[in-house]
Amino acid sequence: MAQSLGKEEEALLGIYGDEEMISLATGSKKPISQAPSAATVITAREIKEMGATELDQVLETVPGLQVSVNALGYDPIYTFRGMYSQYNPQVLMLVNGIPITSVYLGNRGQAWPGMPVQSIARIEVIRGPGSALYGANAFAGVINVITKTKEDIDGTELGGRAGSFNTWDGWALHGGTWGGFDVAFMAQYHNTGGSGQIINADAQTLFDQAFGTHASLAPGPVNLQRQNIDVRLDISRQYWRFRAGLQRLQNAGDGVGLAQALDPVGQFGNNQVNADLTYHNPEFSKNWDMTAQLSYFRTDVLADQLAQVYPPGAFNNTFPAGVFDGPETFENHVRLGVEGAYTGFDSHRIHGGTGVRYAELNAQETKNYSINGITGLPQPLPTGLTNVSNNPGQVFMPSGKFRINYYAFLQDTWNLARDWEFTAGLRYDEFSDFGSTLNPRVALVWLTRYNLTTKLLYGRAFRAPSFAELYGINNPAILGNPHLQPETVNTVELAFNYRPVEKLSVDLSLFHYIWNSMIQFVPDSSNLNSIINIARNVGGQTGSGFELGAEWKIRSNLRLLGNYSFQYSTNDQTGGLAANAPQNHIYARLNWEFLPNWHFNPQVNWVGFRPRAAGDPRPSLGGYTIFDFTLRRMMAGNRWEAAFSVRNLFNDNAREPSLLSGSNVLVPNDLPLLGRNFYGEIRLHF
């Protein structure tokens, strides 16, 4: 028997020995196959292999996750398992474990600058609920971006990239030791002139048809120019770590426009500042692992140039120069948390913590219109272009709104028998503005065989209403509702990891969820002619499906990986298919070192059709297939690298859905994605 077990353990080491670890699922590191969640880890090496230049291109490779875009600025929408929404607050984005959630929309912000991939060491993703550990908005999925440390950089790297649409990047990374401290410094600059994809008809086209005018700028290009600066610092010594970051987005186009009417002049900016001081002592005392963290996050959305909400001549020439608006938000977030893990009980790991989060929002606005209370349409302000920040009858959001969130959580990971591990957790959150919520999770992980793992998971999550949903006023598109309740979701999952041979790994996750008290912006029932939508709790969504992924190391220089995701979700009110999310999604990539130091990485991303929302007269949006490839050459002992990449090689006419506004389709031909584009890149390590 002992001899037999020894062979099994040797086989286990051979199969799982190089598996990536993940800490997002439990708060402690575990091999992905044994983590009590459906999880994915993507490393810096894989990001480079796939030739990704943006975070969204990386996330598109995760099974069960499809990346769509919002008409406003083409901000990303991360759709997990068919759970699509316009502002996407159901996905929690963390940077080094700290949320970057805006309280205004509950997402990553209205002008989120994204994350430069050169600074990323790894990305951890869990599909499904995470509120038992991470609280609000860990609803459909959690994404944790972990930035590089001194060990990840190990020296200095300089790089540059240039490509289509007048796009270019430059970056510098350094990791070393200074005065006994480990130091990592990262800086990147990004510039693009925008793709210029054409919109054939927009919201003003609809008004032109009603008023018999010709003010619309459609057909015309989307406004997607932008410049980004990202600077990060990581300093650590023994148990202490200090991190700080500055992101500046400037002159960013607003996509199709603030009201989905083409806007060639509006430009937004975003300043993000983050800092955290963390103490982590894995040997705080006997059997105790202790962490304390104080963090600060500020995010400002700025109107670098006032948005042209509607073009000159809009509304039967009521606005000869156009409708202009410059909404701005300023948010401060402070978090303090303490948590610890105790391993003094036999076969148990007790993990608990408590903390408080404070977030405040201020707003200001300059515009030349107000909303007609009868028609729901814009009308000129008698004072023309006016700063209405201190006018509660005009500004889009009252200033001084704040939220305090107290929380406590407890989780036990119990090795209840040989090859069986049971995890149970519970988190309590108290919010100053809408009450409390309690969210449990349980997970059973069974090492069924030396090469097979089985998981049974249950979790409940919630999503706190955003300030725009609660308090939004005087807005030409959306209004808040202070009587909203949080959204909730209950999810059951059954997952398997199977490694029939050493070089082949197969993952299968089956899921079923019930999403209750959905918050949506719906037409104002008191004024059916209005284009304004009001936030309400409206029904729910039920979904089931699976994600099948595989990785095959065919030879030492050849690796094939990919996944197929299927979901069938229905709207509880209409009984129809959940709108705007693909039922089928396939991704595949080949990593091939075809000659020494020559790497070729083709990949394909196929997105199936997307159903329309109830009341949308258009047929379902067809799918698309995008082929990319990257060719990379390593030189001089890997000190030099050069790469060339083509994306959307066959120039597929790929589109993401445009949404209904009330009962109107404002952009009938949907949102075009990038056509064929390319770039060249060079890096120097020393």
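Quick caveat: nothing in here was measured; it's all calculated off a predicted structure.
Looking at Asn516, its side chain never comes within 3.5 Å of a backbone N or O of Thr488 through a donor-acceptor pair. For the pair Asn270 (side chain) and Asp300 (backbone), a donor-acceptor distance under 3.5 Å is present. Here the side chain of Asn490 pairs no donor or acceptor atom with the backbone of Ile514 at under 3.5 angstrom. Under a 3.5 Å cut-off, the side chain of Asn571 and the backbone N or O of Gly576 do not form any donor-acceptor pair. Looking at Asp276, its side chain never comes within 3.5 Å of a backbone N or O of Ser295 through a donor-acceptor pair. Looking only at distances, no side-chain donor or acceptor of Gln541 sits under 3.5 Å from a matching main-chain atom of Ser569. In this structure, the side chain of Arg243 does not engage the main chain of Thr278 through any donor-acceptor pair within 3.5 Å. Panel note: side chain Ser85, backbone Asn88; a donor-acceptor pair is recorded below 3.5 Å. The closest donor-acceptor contact from the side chain of Asn537 to the backbone of Gln485 lies under 3.5 Å.
Figure legend: Arg127 and Phe511 shown without cation-pi pairing, the cationic atom not lying both under 6.0 angstrom from the six-membered ring centre and within 45 degrees of its axis.
Between Arg559 and Glu49, at least one side-chain N (NZ, or NE/NH1/NH2) sits under 4.0 Å from a carboxylate O, which counts as a salt bridge. Salt bridge status for Glu46 with Arg122: absent, with no side-chain N to carboxylate O gap under 4.0 Å. Look at Glu54 and Arg647 and you find no salt bridge, because none of the NZ, NE, NH1 or NH2 atoms lies under 4.0 Å from a carboxylate O. With salt bridges taken as basic N to acidic carboxylate O contacts below 4.0 Å, none links Lys148 and Asp234.
Asn332 and Arg298 are linked by a side-chain donor-acceptor pair at a separation below 3.5 angstrom, with hydrogens and angles left out of the test. Donor-acceptor pairing under 3.5 Å is lacking for the side chains of Glu421 and Gln34.
Looking only at side-chain heavy atoms (C-beta outward), His512 and Ser544 come within less than 4.5 Å of each other. At a threshold of 4.5 Å between non-hydrogen side-chain atoms, the residues Thr423 and Val445 do not count as touching. Inter-residue side-chain proximity for Asn605 and Asp628 is flagged as unmet; no heavy-atom pair is nearer than 4.5 Å. You'll find the side chain of Gln66 stays beyond 4.5 Å of the side chain of Tyr587, heavy atoms only. Proximity of Ser37 to Arg441: side-chain heavy atoms (C-beta onward) are separated by under 4.5 Å at one or more points. In this structure, Gln272 and Glu331 have side chains that are not in contact, with every pair of non-hydrogen atoms separated by 4.5 Å or more. Under the 4.5 Å side-chain criterion, counting only non-hydrogen atoms from C-beta, Met50 is in contact with Val58.
Aromatic ring orientation, Tyr471 versus Phe467: perpendicular (interplanar angle above 60°, classes split at 30° and 60°). Taking the six-membered ring where tryptophan is involved, the planes of Phe462 and Phe434 are tilted, since the angle between them lies from 30° to 60°.
For Asp670, the salt bridge (Lys or Arg N to Asp or Glu O under 4.0 Å) criterion is met by Arg612, Arg618, not counting sequence neighbours. For Asp429, the salt bridge (Lys or Arg N to Asp or Glu O under 4.0 Å) partners at least two apart in sequence or on another chain are Arg427. In this view, Asp56 satisfies the salt bridge (Lys or Arg N to Asp or Glu O under 4.0 Å) rule with no residue, not counting sequence neighbours. For Ala71, the side-chain contact (heavy atoms from CB on, under 4.5 Å) test picks out Val256, Gln260, Leu671, with sequence neighbours left out. Shown here are the side-chain contact (heavy atoms from CB on, under 4.5 Å) partners of Leu674, two or more places apart in sequence or in another chain: Phe165, Ser195, Asn677.
The ring of Tyr428 has its center no closer than 6.0 angstrom to the ring center of Tyr406.
Legend: ring pair (Phe, Tyr, Trp, His ring centres under 6.0 Å) pairs involving residues 76-105, not counting sequence neighbours, sorted by first then second residue: Tyr104-Phe396.
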